[in-house]
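Below is one structure; the comments refer to it alone.
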Amino acid sequence: MVTDWRLTLTCFASITLILFLAWVWKAEDFTTADDAGPDGESYGYRDALKDSFLWRYGIAFASFLTLYVLSLVSFKKIFDEYTILNGSITNLLISGFAILGTFAGIYFGNKGLPRKPILFLAGLGMVSSFTFTLIFANSLPILSYIFVSISGFCMFLQYPIFLNLPHELKGMTPKKLTIMFGLFWAIAYAGQTIATIVWSFILGSAGYVPSLVFFIAVSCIYIFLIPTFPETRKAQAVNVQRAS
């Protein structure tokens with residue numbers, strides 16, 4: 001389909017339209033008006049902007065998106081130009097193993113295991129594997145392909161678990177969740193956009209290696225913020241330990 005951009009966009013637009021019609025047909029409606037928590041406390045946009053968890057959550061995802069988006073969109077050309085790797089192969093490996101990682105994330109997410117250890121280890125694996133991909137990109141391409149596959153797998157292993165964290169927070173309500181996710185997406189994509197602009201500027205002005213240092217540094221923010229999140233599966237973790 002990539003030989004004709006009109007065909008590509010037509011197919012994606014058609015799929016989007018089909019999914020939208022399916023959502024309208026099957027989605028359950030609910031109201032968020034006058035929706036207070038168990039303790040009667042209301043939650044508005046002003047409260048959300050003061051919520052430290054929302055900012056940490058959004059910035060962490062901005063860091064995640066920086067690695068995710070650039071690795072699939074921008075690094076194809078980077079790999080082709082600055083390394084001996086084939087950018088098309090790296091894209092295929094990242095997205096292919098990401099699909100496997102998604103299924104693994106759903107599996108582990110439904111197990112009721114503690115969230116933070118999974119997110120931290122998967123995040124560490126994602127960033128470190130991509131770092132090794134870059135390190136060996138001009139010396140051992142086969143090793144780089146292996147590491148980029150691991151990075152793609154780890155990337156989406158945590159995706160279903162990470163995006164479900166707000167749903168699992170104590171006292172969560174439909175109104176609070178709606179407001180929180182509205183601001184979360186804004187914070188995350190604004191942060192990712194700023195990081196991409198800075199990365200592009202460094203690449204153009206300082207060169208390949210400094211841009212990679214910045215890229216990995218931004219990606220590491222995700223790892224440092226995960227331990228600051230509340231653990232939403234403490235009870236399940238205790239039950240699992242007792243059962244074992």
Side-chain angles (χ1 to χ4, degrees), residues 1-37 43-45 48 53-54 57-58 60-74 76 88 91-113 115 118-119 122-123 126 149 151-193 196 222 232-233 236:
M1 290 195 302
V2 296
T3 57
D4 187 345
W5 65 270
R6 295 180 181 85
L7 177 62
T8 305
L9 292 182
T10 300
C11 289
F12 274 103
S14 300
I15 294 173
T16 303
L17 178 61
I18 292 172
L19 291 174
F20 171 71
L21 293 176
W23 176 78
V24 172
W25 179 38
K26 284 293 187 178
E28 295 182 9
D29 195 14
F30 65 91
T31 177
T32 61
D34 301 322
D35 183 21
Y43 190 88
Y45 284 100
F53 167 76
L54 175 62
Y57 189 57
F61 198 57
S63 171
F64 177 95
L65 285 174
T66 300
L67 193 154
Y68 164 51
V69 174
L70 290 182
S71 66
L72 285 173
V73 177
S74 301
K76 178 184 182 301
S88 297
N91 271 17
L92 176 63
L93 292 174
I94 292 173
S95 56
F97 278 86
I99 295 173
L100 299 178
T102 300
F103 287 115
I106 294 173
Y107 173 79
F108 287 113
N110 289 332
K111 284 292 185 179
L113 299 172
R115 301 316 196 197
I118 296 177
L119 292 175
M126 171 185 72
S149 302
S151 183
F153 180 84
C154 292
M155 196 181 297
F156 273 71
L157 168 64
Q158 59 201 308
Y159 204 88
I161 299 172
F162 182 88
L163 289 181
N164 269 323
L165 279 181
H167 298 265
E168 300 171 353
L169 292 176
K170 183 179 180 181
M172 184 56 64
T173 65
K175 179 180 180 180
K176 185 175 181 180
L177 194 63
T178 302
I179 293 173
M180 181 176 287
F181 263 106
L183 291 174
F184 161 73
W185 290 114
I187 295 170
Y189 275 97
Q192 184 266 324
T193 301
T196 301
Y222 177 84
T232 59
R233 280 293 183 266
Q236 287 84 343

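Index from 1, following the sequence.
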Heavy-atom nearest pair, Thr66 first then Gln192, reads N-CG, 3.7 Å
Inspect the surroundings of CZ in Phe61 and state if more than 12 heavy atoms from other residues, nucleotides or ligands are less than 6.0 Å away. yes
Going by ring pair (Phe, Tyr, Trp, His ring centres under 6.0 Å), name the residues that satisfy it together with Tyr222, two or more places apart in sequence or in a different chain. Phe64, Phe162
Heavy-atom closest pair (Pro166 atom, Met172 atom, distance to 0.1 Å) is O-CE, 3.1 Å
Quick one, Trp25 and Leu21 - any side-chain contact, counting heavy atoms below 4.5 Å? no
Using a 4.5 Å cut-off on heavy atoms from C-beta on, say whether the side chain of His167 contacts that of Leu177. yes
Please report the closest heavy-atom contact between Pro160 and Leu157, naming both atoms and the distance. CD-O, 3.8 Å
Nearest 0.5 Å, what's the CD1-CG distance between Ile94 and Leu67? 8.0 Å
Any side-chain heavy atom of Thr196 within less than 4.5 Å of one from Val69? no
All heavy atoms of Ile118 vs all of Phe108, minimum pair found to be CD1-CB, 4.4 Å
Interatomic distance, OG1@Thr178 vs OH@Tyr45, rounded to 0.5 Å, equals 8.0 Å
Taking ring pair (Phe, Tyr, Trp, His ring centres under 6.0 Å) as the definition, give me every residue that meets it alongside Phe103, ordered by chain and number, with sequence neighbours left out. none
Which heavy-atom pair separates Asn91 from Leu72 by the least distance, and what is that distance? ND2-O, 3.0 Å
Can you tell me how far apart CZ (Phe53) and CG (Leu169) are? Round to the nearest 0.5 Å. 4.5 Å
When rounded to the nearest 0.5 angstrom, what distance separates CD1 in Ile161 from CG in Leu113? 8.0 Å
Starting at OG1 of Thr102, measure out to CZ of Phe153 and round the result to the nearest 0.5 Å. 9.5 Å
Measure centre to centre between the rings of Phe156 and Phe97, then say whether the value is under 6.0 Å. no
Distance col, row Ser95:OG vs Tyr68:OH, nearest 0.5 angstrom, shows 9.5 Å
Sequence neighbours left out, cut at 3.5 Å: what donor-acceptor pairs do the side chains of residues 179-187 make with other protein atoms?
none

What heavy-atom pair brings Ala122 and Cys154 nearest, and what distance separates the two atoms? O-CB, 3.4 Å
